[in-house]
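Read the structure below first, then the notes.
Each residue takes its place number in the sequence, starting with 1.
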Amino acid sequence: MRVSLEAMYLEAIARTLRSRRFWVWQLGGALIYAIPAAVRLATGSIHLPILSMFMVPWVTPYVPGNIVEKVLVNAFFPGGAGAAAGEIFYANAHEETFIRKQKYLARLGGALLWTAGWSLFQLWGYMQNVTGSYGGNLFESPLVFPLNFLLASLSIFTPDVVGFAKTKLVNACRRLRRKKS
């Protein structure tokens, strides 16, 4: 009996939502995204203690002065979280090992979808004109959204970079344990 396409995708969504990796990326990415915002609200300043050393003058309305922070944060949320979600969903929908090109296309679709959803939320918040303790709008200007999509397209590599770093750290810890024994 042939399963309908809708049922297949609903099952893939359900399996994606049951995936531990999905939730680690979503919650971890959102936490990384929230840290600079929380620091700004707590200190009442737009300058972050460490990253403010790398602030550049606001050159255009499309590139903010906190570009280093933006690249670091957007690599994990919404871009990296969306990339991981896209990969997990695609793997659940097709139930086969896929080639490298398919993996990165699935990640790109997820990253762009997550960024589009987050941009809609940011636009809604920007239009509410919610002022932070530092005097500016808590939400991003819509003029920065094209940069967010560019960063999302680059964040398809974030899961690979994180996986590589994790492997190196685990191997280093194992070597240290062996030396102590």
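Between Leu31 and Phe77 there is no side-chain heavy-atom pair separated by less than 4.5 Å. In this structure the side chain of Val71 reaches within 4.5 angstrom of the side chain of Leu151, judged on heavy atoms. You'll find the side chain of Leu105 stays beyond 4.5 Å of the side chain of Arg100, heavy atoms only. In this structure, Leu147 and Tyr62 have side chains that are not in contact, with every pair of non-hydrogen atoms separated by 4.5 Å or more. Within the 4.5 Å cutoff, the side chain of Val144 has no heavy atoms near those of the Val63 side chain.
In this structure, CG on Leu112 lies 14.0 Å from CZ on Arg107, to the nearest 0.5 angstrom. Atom CG of Leu154 and atom CZ of Phe149 lie 13.5 Å apart (nearest 0.5 Å). Atom CD1 of residue Ile32 and atom CG of residue Leu72 lie 9.5 Å apart, to the nearest 0.5 angstrom. From Leu17, atom CG reaches atom CD1 of Ile88 across 10.0 Å, with rounding to the nearest 0.5 Å. How far CG of Leu113 is from CG of Leu108: 11.0 Å, rounded to the nearest 0.5 Å. With rounding to the nearest 0.5 Å, the separation of CG in Asn66 from CZ in Arg40 is 5.5 Å.
The backbone N or O of Ala152 sits less than 3.5 Å from a side-chain atom of Ser155, completing a donor-acceptor pair. Using modelled atom types, no side-chain atom of Trp114 and backbone atom of Ala83 make a donor-acceptor pair closer than 3.5 Å. At least one donor-acceptor pair closer than 3.5 Å links the side chain of Gln26 to the backbone N or O of Ala81. Looking at Ser4, its side chain does come within 3.5 Å of a backbone N or O of Ala7 through a donor-acceptor pair.
Not less than 6.0 angstrom separates the ring centroid of Phe98 from the ring centroid of His94. Separation of the Phe139 and Tyr126 ring centroids does not fall under the 6.0 Å cut-off. Remark: aromatic rings of Tyr104 and Phe157 are close, center separation under 6.0 Å. For Trp118 and Tyr33, the distance between ring centers is under 6.0 angstrom.
Smallest separation of non-hydrogen atoms from Ile13 and Phe89: CG1-CE1, 3.6 Å. Taking each heavy atom of Ala111 and Gly79 in turn, the nearest pair found is CB-O, 3.5 Å. Considering every non-hydrogen atom in both Ala93 and Met8, the closest pair reads O-SD, 3.6 Å.
Using a 3.5 Å distance cut-off with no hydrogens or angles, the side chains of Tyr9 and Asn92 do not pair a donor with an acceptor. A donor-acceptor contact under 3.5 angstrom links the side chains of Asn148 and Glu140, judged on distance only. Residues Trp25 and Glu87 have side chains that never bring a donor and an acceptor to within less than 3.5 angstrom of each other.
In the hydrophobic clustering of this structure, Leu138 groups with Phe121; members are Ile, Leu, Val, Met, Phe, Trp, Tyr whose side-chain heavy atoms approach within less than 4.5 Å, directly or through other members. Each of Ile156 and Ile99 belongs to its own hydrophobic cluster when Ile, Leu, Val, Met, Phe, Trp and Tyr are linked at side-chain heavy-atom distances under 4.5 angstrom. Residues Val73 and Val161 do not share a hydrophobic cluster, defined by chaining ILVMFWY side chains whose heavy atoms lie under 4.5 Å apart.
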Quick one: side chains of residues 162-175, donor-acceptor pairs under 3.5 Å with protein atoms, not counting sequence neighbours, listed by atom name and distance.
residue: Thr167; atom: OG1; partner: Gly163; partner atom: O; Å: 2.9
residue: Asn171; atom: ND2; partner: Thr167; partner atom: O; Å: 3.3

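The other members of the hydrophobic cluster of Phe145, by chain and number, are Leu123, Met127 (side-chain heavy atoms under 4.5 Å, ILVMFWY only).
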